[in-house]
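Before any comments, here is the structure.
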Amino acid sequence: MSSDSGIQEVIEAGILRALSDLTSSGAIPASTQIPHEITLERPKNRDHGDYATSIALALAKSSGLPPRDIATLLKGALQADGEISVALSAIDIAGPGFLNLTLARASQGGVLSTILNRGADFGKSSTLAGVKINLEFVSANPTGPLHLGHTRWAAVGDALGRVLSAAGADVTREFYVNDRGVQMDLFGESIRAAALGIARPESGYHGAYIDDLAKLIVASNPEFKTLELNESIEAFRDAGYALQLADQKRVLGEMNTHFDIWFSERSLYEENFFNHCLDRLKKEGHVFELDGAVWLRTTDFGDDKDRVMIKSDGSFAYFASDSAYYISKRERGFDVLIYMLGADHHGYVHRLKALASCAGDDPTKNIDILIGQLVKILENGEELKLSKRAGTIITLEELIEKVGVDAARYTLIRYPVDTPMVMDVDVLRSRTNENPVYYVQYAHARICGVLRNATDLGIAYGVDQIHPELLEHERERELIGALGEFPRIVASAAELREPHRIARYLEELAGVYHRFYADCRVLPLGDEQPSSLHSARATLCRSTAQVIANSLAMLGVSAPEKM
RNA sequence: GUCCCAGUAGCUCAGUGGAUAGAGCGACCGCCUCCUAAGCGGUAGGCCACGGGUUCAACUCCCGUCUGGGACACCA
């Protein structure tokens, strides 16, 4: 576990120690089912202390003792434990048997020194150390601009990558490029038609960007127009592919989203790789032939139908690529493959998991599929549907132009992906409370302003100016408590693959800070002499700025020093 | 028909089995001659869709019902 939130783990260990002592002394019956781990809760209500545990309630049944009696025994044992009694200033039994714990001031100071000493590393942990994760997201066809359907993953996927890395995982971010198949040929045909000024294929691509591509390509390669039909289509296709992929990379870069690997679907069929994959699957015994086609018997593992890999005409079905790609990832050494798919692909979940099973893997461990619901975008109260350039829906680039990278990313990340969301452009452009990204960034900028003033006034702050005994105001306690939560928020966001938890935490932290700021004067007033309290509060501000900056970095959103 | 997701304040939505279910907006009332008002405080507003079950404890887990959205090719 991380060393960041030390005090909490110390108490958790102390409770376990106390329980085992109580059992061995006979105070609690040996039949009592003591858990292996205890996780302290953070009570919502401040009257319930800094931490609370309901362990006494949970043990009531198996011990046959009333919960409050167990709580009383526990309280006594904790008070007798030197390490614990020093760390806590109060242990209260409340309600049906909750144990409410209040930290001693010195223990609270420990959080601040940890934050200041670890700096940008505060929040990182090793909960996923040694786990090699392949994180695949966006994976758009290279046949057009990235649109609204891709934006959510561009932001959430990138943030999840950062969160997983912070939890110690070895993360590779991968973009799967669907660069083969019918769609690519239609793409080439469409560009060629635009170049020649003839009718485009019915089911082809019709956006204005096709004309742009055609002009660009013809400008540098006028000879493409006069090639023999198939060669011409191929030439336009490959040139258009290169331009479009470059454009996607550029826009994703603007979005502050980065990939380690751009994986080409075509490459799955080079150097006999597909046959190698097929052989591997055959060895596992779930491949069969029927009606001249080659199938994978995914129904062995709960899929509703078997899937064709090689069609009876000898061509590859899309599932052939899925299968080979899966094998490729596993052979490249990844323990966990995370797929981030749109809601329109949720039907893939069963077959991908079945595929993992067919490959001899554990679908509950080696593969993790996240389904993102759709995003709508509103402007002037109306849904935006059409994009002039793409001919379909709003592009990622247009979204960035409208609201900026920070607002776009933050808003996309702050909701769990399994709820459909609506982005209101007018709200995202507003500079008020209703726009959470500004609320959070403003807290950071505000602190930076205070610290600039502190420096001007010669107020010392830093790890040697914590003075925990002076930070006794309720708002100060709240703030310190919130800061200490960060490491476990990061760990749970990584474990649950839910980066939105970082954003929600951030909003909570910013709110706690603003309230602290309103109630606790940081710098000397008028001709007041600088004191240790000023230094202590400035140090608390510095610690808060660090945690806000670390959180924002994890979302890929900037932390401005002035606004 | 089968499968997935959702249903929480007037609106947009948080809420990893715990105590009195939260935030922002909208409504109403307050707070800047001194650290950033892009901020803070207060009031009003809830059968957590409905019915069962599991549990010491359910908005949370399980089953069913209703409503809304989406998916179900030898397409990619």
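Chain letters run A, B, ... following the sequence lines, proteins first, then strands; residues in each count from 1. As the structure is a computational prediction, the values presented were derived from the model and not from experiment.
- If you check B/A19, B/U36, B/G18 against the side chain of A/Asn100, the one that comes closest is B/A19.
- Between the P atom of B/A38 and the OH atom of A/Tyr410 lies a distance of 19 Å, rounded to the nearest Å.
- Note: CG (A/Leu352) to P (B/C4) measures 16 Å, nearest angstrom.
- No contact: A/Arg307 has no heavy atom under 4.0 Å from any strand.
- Note: A/Tyr176 and A/Tyr325 meet the aromatic proximity criterion, with ring centroids under 6.0 Å apart.
- In this structure, A/Met563 atom CE and B/A37 atom C1' are separated by 13 Å, rounded to whole Å.
- Base pairing analysis places B/C72 opposite B/G1; the two distances defining the Watson-Crick or G-U wobble pair are each below 3.5 Å.
- Remark: A/Arg297 qualifies as a cation-pi partner of A/Phe288 under the 6.0 Å distance and 45° angle criteria applied to the six-membered ring.
- For the C1' atoms, the distance linking B/C31 with B/C50 amounts to 45 Å, nearest Å.
- Rounded to an integer number of Å, the gap from CG of A/Leu496 to P of B/U60 is 18 Å.
- You won't find any donor-acceptor pair under 3.5 Å spanning the side chain of A/Asp47 and the base of B/A19, going by distance alone.
- Closest to the A/Val422 side chain, of the nucleotides B/C13, B/U36, B/C74, is B/C13.
- Contacts of A/Arg497 with the nucleic acid, taken as non-hydrogen atoms under 4.0 Å apart, are absent.
- Stacking between A/His48 and B/A19 is present: the aromatic ring centre lies within less than 5.5 angstrom of the base six-membered ring centre, and the two planes differ by under 30 degrees.
- The side chain of A/His350 lies closest to B/C3, out of B/C3, B/C56, B/C35.
- Ring-centre distance between A/Phe316 and A/Tyr269: below the 6.0 Å cut-off.
- Residue A/Lys311 places at least one side-chain N or O under 4.0 Å from the OP1 or OP2 atom of B/C75.
- By the stacking rule of 5.5 Å between ring centres and under 30° between planes, A/Tyr517 does not stack on the base of B/C40.
- Checked against B/A37, B/C5, B/G18, the side chain of A/Asp418 finds its nearest nucleotide in B/C5.
- Closest to the A/Val450 side chain, of the nucleotides B/C35, B/C74, B/A71, is B/C35.
- For the OP1/OP2 pair of B/A14 and a distance below 4.0 Å, the side-chain nitrogens and oxygens of A/Arg414 include no atom meeting the criterion.
- Base contact: A/Asp291 has a heavy atom under 4.0 Å from a base atom.
- In this structure, A/Met421 places its CE atom 19 Å from P of B/G24, rounding to the nearest Å.
- Look at CG on A/Asp304: it is 11 Å from P on B/C72, rounded to the nearest Å.
- Proximity note for A/Pro416 (side chain, C-beta onward) versus B/A14, B/C75, B/C4: the nearest is B/A14.
- Counting only distance, with no hydrogens or angles, the side chain of A/Glu498 and the backbone of A/Leu160 share no donor-acceptor pair below 3.5 Å.
- A distance of 6.0 Å or more separates the ring centres of A/Tyr461 and A/His534.
- Using a 4.0 Å heavy-atom cutoff across all strands shown, A/Ala58 reaches at least one base atom of the nucleic acid.
- Atom C1' of nucleotide B/A19 and atom CG of A/Asp92 are separated by 14 Å, given to the nearest angstrom.
- A/Ala443 comes within 4.0 angstrom of nothing in the nucleic acid, heavy atoms only.
- In terms of position on RNA chain B, the residue among A/Ile489 and A/Gly511 whose nearest nucleotide sits closer to the 5' end is A/Ile489.
- Sorted by residue number, the members of residues 521-530 of chain A with any non-hydrogen atom under 4.0 Å from RNA chain B read A/Arg521, A/Val522, A/Leu523, A/Leu525, A/Gly526.
- A cation-pi contact links A/Arg504 to A/Tyr415, judged by a cut-off of 6.0 Å to the six-membered ring centre and 45° from its axis.
- If you look at A/His514 and A/Tyr442, their ring centroids are closer than 6.0 Å.
- In terms of phosphate contacts, A/Thr419 brings a side-chain nitrogen or oxygen within less than 4.0 Å of OP1 or OP2 of B/A14.
- You'll find the ring centres of A/Phe516 and A/Tyr513 inside the 6.0 Å limit.
- For A/His500, the side-chain atoms get nearest to B/G15 when compared with the rest of B/C40, B/A38, B/G15.
- A/Ala343 comes within contact range of the sugar-phosphate backbone alone, with a heavy-atom separation under 4.0 Å but no base atom that close.
- Because its glycosidic torsion is within 90° of 0, B/C32 is reported here as syn.
- One atom, CG of A/Asp344, and another, C1' of B/C75, lie 13 Å apart when rounded to the nearest Å.
- Residue contacts shown for A/Glu265 are absent, as no nucleic acid heavy atom lies under 4.0 Å away.
- A/Gln33 CD: 12 or fewer foreign heavy atoms inside a 6.0 Å radius.
- Of the candidate nucleotides B/C74, B/C3, B/U36, B/C74 has the atom lying nearest to any side-chain atom of A/Ser312.
- Pairing partner, B/C11: B/G24, with both Watson-Crick or wobble hydrogen-bond distances short of 3.5 Å.
- In this structure, the nucleotide among B/C13, B/A19, B/U36 sitting nearest to the side chain of A/Tyr415 is B/C13.
- One finds a side-chain N or O of A/Lys305 lying less than 4.0 angstrom from the OP1 or OP2 phosphate oxygen of B/A73.
- Nucleotides of RNA chain B nearest to A/Gly449 and A/Lys61 differ in position, and the one nearer the 5' end is that of A/Gly449.
- In this structure, A/Arg200 does not pair ionically with A/Glu189, as no charged nitrogen and carboxylate oxygen lie closer than 4.0 Å.
- For B/A37, the OP1/OP2 oxygens have a side-chain nitrogen or oxygen of A/Arg446 closer than 4.0 Å.
- Within the nucleic acid shown, A/Asp322 has no heavy atom closer than 4.0 Å to any nucleic acid atom.
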